[in-house]
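One structure below.
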Amino acid sequence: MKGLIKSRAFNRKYNYHGSDLGVSYNAQVSLFKVWSPKAASVSLVLYSSGDGDTKLEEIPMNLYAKGIWSISVHRDLKGVYYTYKVCRGESTYEVVDPYAKACGVNGNRGMIIDLAETNPEGWDTHSIDIVKKATDAIIYEVHIRDLSIDDYGNIKHKGKYLAFTENGTKSKDGMTTGIDHIKELGVTHVQLMPCYDYLTVDETKSTEYNWGYDPLNYNIPEGSYSTDPYHGEVRIKEFKQAIMALHEQGLGVIMDVVYNHTAYSEDSPLNKLVPNYYYRTNGIGRFYNGSACGNEIASERHMVRKMIADSLIYWAKEYKIDGFRFDLMGILDIQTMNYIHQELSKINPNIILYGEGWAGGPCGIDESQRAVKVNAPQFRHIGVFNDDLRDGIRGHVFEAEQKGFINDGVDTEESVKFGIVAATRHPQINYAKVNYSDAPYACSPSQTINYASAHDNLTLWDKIEVSMEDASLEEKVKMQKLANAIVLTSQGVPFIHAGAEFARTKGGDENSYKSGDLVNQLDWKRKAQFKEVYEYYKGLIELRKKHPAFRMQTTREISEKLRFLEIPTERVIGYTLNHHAGNDEWGTIAVLFNGNVEGYKVQLPEGNWKVVVNGKRAGVDIIETIEGSEVEIEGRTAMVLFKA
Ligand code: CA
């Protein structure tokens with residue numbers, strides 16, 4: 001089998017192109033189709049519930065061309081649960097349909113469902129008025145449970161999809177929480193951490209916590225975020241309600257998707273249906289582990305590529321998802337990523353696609369074939385996270401004490417400048433001095449996701465705490481503000497880790513994927529405590545949204561209109577955006593960053609400069625006017641000025 005699956009003969013004989021895998025349901029008939037070449041027999045097992053000893057019937061399926069097993073059941077199966085029993089040699093395995101669209105508790109059985117009945121009222125026609133271009137997006141990464149689980153936030157549906165449908169929630173300090181907070185902050189897109197069905201949280205309990213990077217059922221929402229994980233239709237409807245609520249606030253919805261590996265390896269339904277096909281294995285059948293989670297998906301094989309594309313198309317169509325963030329995208333092959341873009345843009349030409357341009361370890365196919373950052377020019381419609389900028393701003397992601405631009409780091413300027421130009425080609429960058437990229441990888445600014453922190457690793461605040469122990473609270477707050485002032489004014493696509501706007505802490509826990517609510521939750525008390533940071537981020541977001549100069553759309557325009565100033569000192573960066581960049585109403589904009597404790601005098605072009613961002617405030621209102629060509633930027637602050 002192992003040699004076979006890579007052979008042309010196998011592909012010719014078994015590659016299936018139909019779009020009807022899974023269950024096709026109507027009240028008269030349900031048609032089941034599953035791909036399992038080489039199985040001795042496959043049968044459909046029906047159950048009256050998603051768990052327990054409730055078997056109704058076992059029906060043998062028939063083998064058709066291409067290794068497709070199929071059966072039609074001529075009665076209304078709505079609400080019935082099902083599995084497939086696969087026999088091979090002496091062994092029989094019972095598996096969940098990889099194309100199941102609904103399931104029972106903990107995803108152990110698929111479910112037959114009438115999807116039309118899961119649509120909330122108004123779903124078909126609800127307005128999705130969100131920004132279209134990736135460079136106009138401001139992405140906010142949040143875990144569904146983290147948003148609402150803290151009592152202090154006064155959100156009723158704690159930890160649930162439905163929390164997104166609650167308006168008017170306020171903390172005990174009277175500050176907005178939940179979806180109102182997100183809306184008020186002004187971001188354009190919410191990136192939801194894994195919300196497909198994952199393994200590690202027991203859905204029968206309400207206390208368990210996990211980030212969810214362990215996929216079980218790719219086409220079903222996670223049950224623990226629903227009010228009833230037992231009845232498969234509930235999680236679907238509630239997830240749609242959350243999506244619709246976000247859309248109605250003008251917010252786009254991006255799903256974090258983990259097609260690079262599955263929770264189970266040898267024992268996964270995929271491997272039971274077609275051994276050695278879905279995962280990359282070495283010469284002696286051992287699973288490659290580029291995910292560091294036990295296996296890696298062989299995306300380059302036809303039926304795997306098809307499975308991933310079918311899944312994404314389904315989320316985009318059925319759930320109206322506006323974008324996808326690919327976990328460890330560097331494991332997936334380039335051809336698959338381009339195919340995904342091609343197919344998804346038929347549904348939504350403005351779909352936003354980006355991912356982590358790296359893997360978690362050595363992979364089973366060569367790096368030249370994979371969607372890693374350095375290969376980004378080969379998948380030009382898909383963005384990658386800019387870790388050069390991230391570490392340039394705050395210091396190395398794994399070495400807690402290493403410092404960056406905001407916290408006294410050395411030689412970080414080029415990495416920050418690299419982020420400012422969105423990792424594109426710019427005549428004033430010395431690429432040899434950039435953290436990890438010795439060349440511009442982005443073909444256009446939409447290919448770069450700029451960030452200072454994300455769910456992984458230390459939060460920005462914790463990194464500042466660890467690396468700058470002796471600094472005062474006031475100094476640390478300045479660093480927290482400066483970090484995302486860089487991100488939110490840079491060209492490219494800015495990304496904010498939820499809670500960074502009120503100095504989120506995880507108590508120094510870097511890999512908090514199962515550390516529970518107290519570590520992970522958005523602690524709404526901090527919003528009042530760090531109101532200054534919150535107001536500052538909000539002002540920067542307003543500035544970015546109102547001024548297209550920060551959102552130029554081409555590499556060429558950036559290289560022509562963005563000019564770095566010659567500044568002969570460390571940890572001070574300045575640049576101008578000239579000639580109404582991006583068709584901005586402002587003729588020239590100057591952006592300055594000072595990572596030092598001390599203030600510094602910068603020489604600007606002569607003019608009548610109006611300050612809209614300084615160390616204290618950010619926004620579009622004029623704070624003061626500076627005549628002439630010299631401006632002093634205070635220590636550890638950002639400044640934005642403009643002149644007609
Ligand atoms: Ca689950």
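The analysis underlying the following values was restricted to heavy atoms, covering all of them including side chains, and did not include hydrogens, waters or symmetry mates. Whatever order the structure lists ligands and atoms in, that order sets their numbers, starting from 1. Along the sequence shown, residues are numbered consecutively beginning with 1.
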If only side-chain N and O atoms count, and only distance matters, is there a donor-acceptor pair under 3.5 Å linking T204 with D202? yes
The protein N, O or S atoms lying under 3.0 Å from the Ca ion (ligand 1) are D197 OD1, Y198 O, E203 OE2, E222 OE1
Applying side-chain contact (heavy atoms from CB on, under 4.5 Å) to Q249 and not counting sequence neighbours gives N167, I179, K183, L251
If we ignore angles and hydrogens, is there a donor and acceptor under 3.5 Å between the side chains of R325 and Y354?
no
query: Salt bridge or not for E166 and K156, using N-O below 4.0 Å?
result: no
Q. Are the side chain of S70 and the backbone of F32 linked by a donor-acceptor contact shorter than 3.5 Å?
A. yes
- For the residue pair Y16 and D20, confirm or rule out a side-chain donor-acceptor distance under 3.5 Å. yes
